[in-house]
Trainee: 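Here it is, the structure, as structure tokens.
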Amino acid sequence: MIQVLRNWFDRYLSDEEAVVLLIFLVVVFAIILTLGNMLAPVIAGVIFAFLMDGLVSRLSERKVPHLVSVSLVFALFMAALLSVLLVILPLAWNQVTALFQELPRLLKVLEERLAKLSAEYPTILPPDEVTTWVKSAGVEVGQIGQWVLSTSLASIPGLVAVMIYLVLVPMLVFFFMKDKEMIPAWFARLLPGKRKLMTRVWVEMNEQVANYVRGKAMEILIVGVVTYVAFALMGLKYATLLGVLVGMSVIVPYIGAAVVTIPVAVVGFLQWGWGGDFVWLMVVYGIIQALDGNVLVPLLFSEVVNLHPVAIIVAVLVFGGLWGFWGVFFAIPLATLIKAVMTAWPRSVDRPPDQAPGDGPPPSVSSRAA
């Protein structure tokens with residue numbers, strides 16, 4: 001057993017840089033895991049700075065002074081943030097409030113629609129089961145209403161933290177963009193001078209994470225806006241709320257699209273019943289999802305390392321369980337980081353059991369032939 005562990009150590013941890021990289025990753029992981037809530041404004045600031053850095057770089061390439069570029073992009077960021085806070089969120093909240101006010105009426109409509117379907121297809125939808133489903137739905141709606149009320153009351157103290165974040169995050173975004181060269185250089189001075197492996201992993205992941213964050217933000221915006229416009233043109237109720245839900249669903253690959261289909265189908269069924277309008281709604285929604293998966297995603301994420309769907313789902317479950325929303329958002333970059341580290345990790349050549357550690361690798365076939 002000791003010999004097996006020794007061989008494994010010699011193969012994967014005999015390189016000094018590999019040990020330093022392993023310690024660095026463990027320390028960073030421990031800091032985020034234990035101090036993630038306190039560092040949430042910093043993490044959000046880094047994310048938004050990644051989003052804006054591309055525009056700053058393009059303006060700098062056009063000979064615009066760096067501080068002027070940062071100021072212009074920061075003004076654009078603040079305008080977008082205020083638009084979300086003052087326009088999109090109030091509209092979505094109003095529709096959430098209207099939805100909860102209409103829930104009793106919607107339950108009656110649901111019961112009538114299901115009763116009609118039960119009369120037409122009694123073998124598929126027995127009347128007794130329909131009644132049981134409606135009663136269960138009523139109980140669940142009551143519990144959801146109580147949960148929303150209790151959550152709203154309990155979250156009142158959290159509004160102070162939200163207001164603090166609204167001040168801290170923009171400040172951090174500005175300084176991260178302004179001092180994007182100085183801050184990494186300061187951290188680099190804390191690391192060992194010999195860090196070729198760490199630099200290679202950092203350069204690769206810096207580009208890929210930046211591309212992923214910008215691409216994911218663009219995907220959320222495009223899918224959300226297109227969904228809202230399509231639903232509004234069709235006259236679907238709660239188009240703003242559903243547009244926000246569909247846009248945010250792209251954060252979780254595969255799972256998000258499947259889950260958000262349920263509220264879209266339920267709202268359409270309650271509004272139009274099982275008819276032509278409902279069918280057209282699901283066709284339009286399916287087209288949006290197909291264009292997102294087959295056209296938009298390949299265009300936005302062409303430079304991101306491909307991962308197997310199973311690896312993506314596992315990463316979403318693991319990192320989402322550890323860090324909540326941000327863990328889900330960064331599940332793919334984190335999985336890509338693990339893959340990049342595993343690929344770049346130095347490995348020594350296996351040696352025979354009787355070979356001393358300093359004797360070097362066994363001679364090749366060509367050298368023995370010589």
Trainee: Contact between P170 and F48 at the side-chain level, heavy atoms closer than 4.5 Å - yes or no?
Mentor: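 P170 vs F48: side chains apart.
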
Trainee: Does K237 form a side-chain contact (heavy atoms from CB on, under 4.5 Å) with L242? I'd like the steps, not just the answer.
Mentor: CA-CA 9 Å; K237 293 182 178 181; L242 292 175; over 6 Å; no

Trainee: Rounded to the nearest 0.5 Å, what separates atom CD1 in I88 from atom CG in L82?
Mentor: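 One gets 11.5 Å once the value is rounded to the nearest 0.5 Å.
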
Trainee: Would you say the side chain of F231 lies within less than 4.5 Å of the side chain of L241, judging by non-hydrogen atoms?
Mentor: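 Contact flag for L241/F231 side chains = no.
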
Trainee: What heavy-atom pair brings T240 and A92 nearest, and what distance separates the two atoms?
Mentor: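 Heavy atoms only, the tightest pair is CG2-N, 4.1 Å.
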
Trainee: Quick check on the hydrophobic clustering: are I288 and V259 connected, directly or via other members, by side-chain heavy-atom contacts under 4.5 Å?
Mentor: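 Linked, I288 and V259 end up in one cluster.
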
Trainee: Apply side chain to side chain contact (heavy atoms under 4.5 Å, CB included) to E219 and list each qualifying residue two or more places apart in sequence or on a separate chain.
Mentor: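 Side chain to side chain contact (heavy atoms under 4.5 Å, CB included) list for E219, sorted by chain: K216, V223, V250, D292, L296, V297, L300, F301.
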
Trainee: Measure across Q271 and G235 and return the closest heavy-atom pair with its distance rounded to 0.1 Å.
Mentor: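 Looks like NE2-O, 2.8 Å.
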
Trainee: What closest approach, in Å, do L172 and G45 show between heavy atoms, and which atom pair accounts for it?
Mentor: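 Closest heavy-atom pair between L172 and G45: CB-CA, 4.5 Å.
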
Trainee: If you take all heavy atoms of F77 and M52, which pair is closest and at what distance?
Mentor: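 Answer, listing the atom of F77 first, then M52: CB-SD, 3.8 Å.
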
Trainee: Do V229 and M218 sit in one hydrophobic cluster, given that two such residues count as connected whenever their side-chain heavy atoms are within less than 4.5 Å of each other, even indirectly?
Mentor: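 No: no chain of side-chain contacts under 4.5 Å links V229 to M218.
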
Trainee: Applying side chain to side chain donor-acceptor pair (under 3.5 Å), name anything that partners S60, two or more places apart in sequence or on another chain.
Mentor: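 Once residues adjacent in sequence are excluded, S60 has no partner under the side chain to side chain donor-acceptor pair (under 3.5 Å) criterion.
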
Trainee: Hey, quick one: are I262 and M282 part of the same hydrophobic cluster, counting side-chain heavy atoms closer than 4.5 Å, chains of contacts allowed?
Mentor: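 Per the 4.5 Å side-chain linkage, I262 and M282 are co-clustered.
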
Trainee: Roughly how far apart are R58 CZ and D53 CG, rounded to 0.5 Å?
Mentor: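 It comes to 11.0 Å.
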
Trainee: Which heavy atom of A44 sits nearest to which heavy atom of V169, and what is that distance?
Mentor: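 That closest heavy-atom pairing would be CB-CG2, 4.2 Å.
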
Trainee: Please tell me if the side chains of Y238 and V244 come closer than 4.5 Å, counting only heavy atoms from C-beta onward.
Mentor: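 Answer no - side chains too far apart.
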
Trainee: Does a side-chain heavy-atom distance below 4.5 Å link Y228 with V246?
Mentor: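 Y228 does not reach V246 side chain to side chain.
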
Trainee: According to a hydrophobic-cluster definition based on side-chain heavy atoms being under 4.5 Å apart (Ile, Leu, Val, Met, Phe, Trp, Tyr only), do I23 and I31 belong together?
Mentor: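 In one cluster: yes.
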
Trainee: From F74 CZ over to L55 CG, what is the distance, rounded to the nearest 0.5 angstrom?
Mentor: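 Separation between the atoms: 14.0 Å.
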
Trainee: Please evaluate residues I220 and M248 with respect to the criterion side-chain contact (heavy atoms from CB on, under 4.5 Å), reporting the C-alpha separation (whole Å), side-chain torsions for both, the decisive distance (0.1 Å), and the verdict.
Mentor: CA-CA 6 Å; I220 293 172; M248 297 300 293; 4.1 Å; yes

Trainee: Could I get the full list of side chain to side chain contact (heavy atoms under 4.5 Å, CB included) partners for L85, not counting sequence neighbours?
Mentor: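 L85: side chain to side chain contact (heavy atoms under 4.5 Å, CB included) contacts with L81, L89, L166.
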
Trainee: Quick one: do M171 and M78 end up in the same hydrophobic cluster if we chain Ile, Leu, Val, Met, Phe, Trp and Tyr together by side-chain heavy atoms under 4.5 Å apart?
Mentor: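 The answer is no; the residues belong to distinct hydrophobic clusters.
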
Trainee: For I183 versus F176, what's the shortest heavy-atom pair and its separation?
Mentor: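 In terms of heavy atoms, the two residues are closest at CD1-CD2, 3.6 Å.
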
Trainee: Nearest 0.5 Å, what's the NE2-OG distance between H66 and S57?
Mentor: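 Taking NE2 in H66 and OG in S57, the distance rounds to 9.0 Å.
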
Trainee: Take atom CZ in F278; do more than 12 heavy atoms of anything else shown fall under 6.0 Å from it?
Mentor: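 Above 12, so yes.
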
